[in-house]
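Down below is the structure, laid out as structure tokens.
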Amino acid sequence: MGRMTKTDELTLAAEFPQATYEDWRKLVDGVLKGAPFEKLVSKTSDGLKIDPIYRRARGAAPVAGRAAAAPWQIMQRIDHPDAGAANAQALHDLENGANGLTLVFAGANGAYGFGLEPSAEAIEKVFDGVFIDAGISIELQIGPQSRMAAIHVAEYIKRKGLSPAACDIRFGLDPIGACAVWGSSPYAWAEIVPTVTGGIKGLAAMGFKGPFAPADGRVIHDAGGSEVQELAFVLAVGVAYLRAVESAGIALEDAQGMIYARLSADADQFLTMAKFRALRLLWARIEAASGLAPKPLFIAADTAWRMLTQRDPYVNMLRATMATFSAGLGGANAITVLPHTLALGLPDAFARRVARNTQLVLLEESNLAKVSDPAAGSGGIEQLTQQLCEAAWSLFQEIEKTGGLFASLEQDLIQHKVAATRAAREANIARRKEVLTGATEFPNLQEALVAVLNAKPVALARSGEAKFKFEALSPMRLAAPFEALRDRSDQILKKSGARPKVFLANLGTPANFTARATFAKSFFETGGIEAIDTEGFTDPAALAAVFRTSGAALACLCSQDKVYAGQAAAAAKALQAAGAKHIYLAGRASEQEAALRAAGVNDFIFAGSDALTVLQEAYRLTEGA
């Protein structure tokens, strides 16, 4: 038999009929058996629909952004409070693959408890041996308390005789973002404008090319907001800065390059890609409406703070990889990966190396930057991009009608919308509908402690009296409520030598109880309540005897519904008689609910039930025992 040629392969493939969307729908309808197709349609936190399958988007043009084969900047976070240690980290990062430094100063949005000291002396130490004009990028993340850092950096460059135009520095002047996170401002917007524009004009006069002022979407994302809210916030902040700079006598064509954006990238691949693409299209619309020829907006990305977990932090590496992948394919110009241990403290050398190498692998081995806008033409991502554009533009217009972003903050417009989204998100986390592996699902009570650096944060005085107050967009982490329960468990273990326990009263054979026992174990251990597994019982007396020796105050019946029908009531009575303080049943309440409750079953746990509330109540029960 001769060797198959390429022509033969193509001919062979052509013999198969082309699959169509209609063919797929017929197969799906057969599986649904009369159930509505809408069951397969999911929704984002903004209510945008995501279909299970899409047709190819014909004629879609690539979104103008980062050029093909142009890699994004590999930024490495520098936030050690000790300037000497920060300098050593910076030099090591630049020698090992990073081509940019994100200098995070104390008090900045995104400092998360640490940050550089914003003094001239500290900046001198941090930059020792760093060739700022040798093609690397510097991004400053500063706040009102550390605003002088931008001036100190500029003065350092002047003092060293370097050409400002040869230095690629994003200065991070963002008073709006700081006010939004703090929930207050010592000044009215009309008073802030001369200060921020004066800083921009001064830096531009020194020869720095900018950009200078970021529209920072992390403010919304960190606070639990949605993609649409983040995009609208970025547009409104960007427009506010454009107007401010123009009012200071700078031509709009020059102001155009003085503004940049920063977005959070999280582990939702398709939404993150669509969000970055949408921002470029939306900003081009802003430019066109301003009479400007559109230029690709510089978009920096930080991997998301809110998705980081303290428990099983190694999973954060996977989340960061997906976030970096998505931001890179979405066209980000620069990416900063938050190290996987940042929620626990100041990351050590290993965590920093992983953060750096996450980008290096994706760029150098996976070649993600070789194609410009690879999502172009993808039906799903194109539709998501379009939906995000329409919804974000509508919210942006709503913000503009209030008088602009600062006015909308004073009226709590954006805060109320974010709060509603955050509450819905927290409810989904509590019910484990949104899963954080290692924290809200698949916990490990025996995990080892992860090393972080021992560093004392820089203490800065609050900047100015809060004369204008409104609701703050405070950062949050999704896993925090479950981690608080795990911390509580650790404290009890340290104090008493044992964690709170729940006895898994498995009924019948392993085939009967394994699925629900596995569910129950994960359910309780996400809150730090140790599950004591058993081999299965058919005799209530034997069950009660083993329970008495378990040291548990709580018990959970685990089996199939058909086994519950014959054994659950007797088992519950036996457990209650043996001293069980609270009895759960793994599964939904059925027609037997009244009889089971009469026999001693107090609660039913199942997929979608409010795990957080159940676990919090379990602690109240055990600590009151």
Hey, is [X] close enough to [Y] for a salt bridge, meaning N to O under 4.0 Å?
X: E382; Y: R277; answer: yes
X: K295; Y: E287; answer: no
X: E398; Y: K417; answer: yes
X: R306; Y: D222; answer: no
X: R319; Y: D266; answer: no

P211 side chain reached by I259 side chain, heavy atoms, under 4.5 Å:
no

When you look at NZ of K209, are more than 12 heavy atoms from neighbouring residues, nucleotides or ligands closer to it than 6.0 Å?
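Yes - once you tally the heavy atoms of other residues, nucleotides and ligands closer than 6.0 Å, there are more than 12.
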
CZ of F442: more than 12 outside heavy atoms within 6.0 angstrom?
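Not more than 12 within 6.0 Å, no.
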
Would W72 and R66 count as a side chain to side chain contact (heavy atoms under 4.5 Å, CB included) here? Give the steps.
CA-CA 8 Å; W72 63 81; R66 204 181 63 243; 3.9 Å; yes

Any donor-acceptor pair under 3.5 Å linking the side-chain atoms of [Y] with those of [X]?
X: T324; Y: Q359; value: no
X: H416; Y: E471; value: yes
X: Y260; Y: N333; value: no
X: D302; Y: S264; value: no
X: Q76; Y: T336; value: no
X: R77; Y: Q89; value: no
X: T44; Y: E227; value: no

For C389, run the side chain to side chain contact (heavy atoms under 4.5 Å, CB included) check against L279, L282, L384 and tell me which one passes.
L282

Please say which of L453, V458, L116 ends up in a side chain to side chain contact (heavy atoms under 4.5 Å, CB included) with P81.
V458

Take L91 and V130 through the side chain to side chain contact (heavy atoms under 4.5 Å, CB included) test and state the conclusion after the steps.
CA-CA 7 Å; L91 294 175; V130 177; 3.8 Å; yes

For a side chain to side chain donor-acceptor pair (under 3.5 Å) check, start with the C-alpha distance between E483 and T309, then their side-chain angles and the critical distance, and finish with the verdict.
CA-CA 8 Å; E483 291 170 350; T309 62; 4.8 Å; no

Which label fits F350 and H340: parallel for a plane angle under 30°, tilted from 30 to 60°, or perpendicular past 60°?
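Rings of F350 and H340: perpendicular, over 60°.
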
Take I335 and Q73, measure what side chain to side chain contact (heavy atoms under 4.5 Å, CB included) needs, and give me the verdict at the end.
CA-CA 6 Å; I335 300 177; Q73 297 170 359; over 6 Å; no

With sequence neighbours left out, write down each residue that passes side chain to side chain contact (heavy atoms under 4.5 Å, CB included) with Q397, or none if nothing qualifies.
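Side chain to side chain contact (heavy atoms under 4.5 Å, CB included) list for Q397, sorted by chain: W393.
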
State which residues pass side chain to side chain contact (heavy atoms under 4.5 Å, CB included) with Q269; sequence neighbours excluded, sorted by chain then number.
M273, M322, F325, S326

In D487, T440, T526, N444, the residue satisfying side-chain hydrogen bond (donor to acceptor under 3.5 Å, both in side chains) with R311 is D487

With side chain to side chain contact (heavy atoms under 4.5 Å, CB included) as the criterion, how do T272 and L263 come out once you've worked through the C-alpha distance, each side chain's angles and the decisive distance to 0.1 Å?
CA-CA 9 Å; T272 297; L263 292 176; over 6 Å; no

Salt bridge (Lys or Arg N to Asp or Glu O under 4.0 Å) for E447 and R486? Distances and angles first, verdict last.
CA-CA 12 Å; E447 66 179 288; R486 294 284 297 273; 3.1 Å; yes

Keeping the roles fixed (side chain from T102, backbone from E139), state whether a donor-acceptor pair exists under 3.5 Å.
no

P175 and V196: which non-hydrogen atoms are nearest, and at how many Å?
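The answer is CD-CG2, 4.0 Å.
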
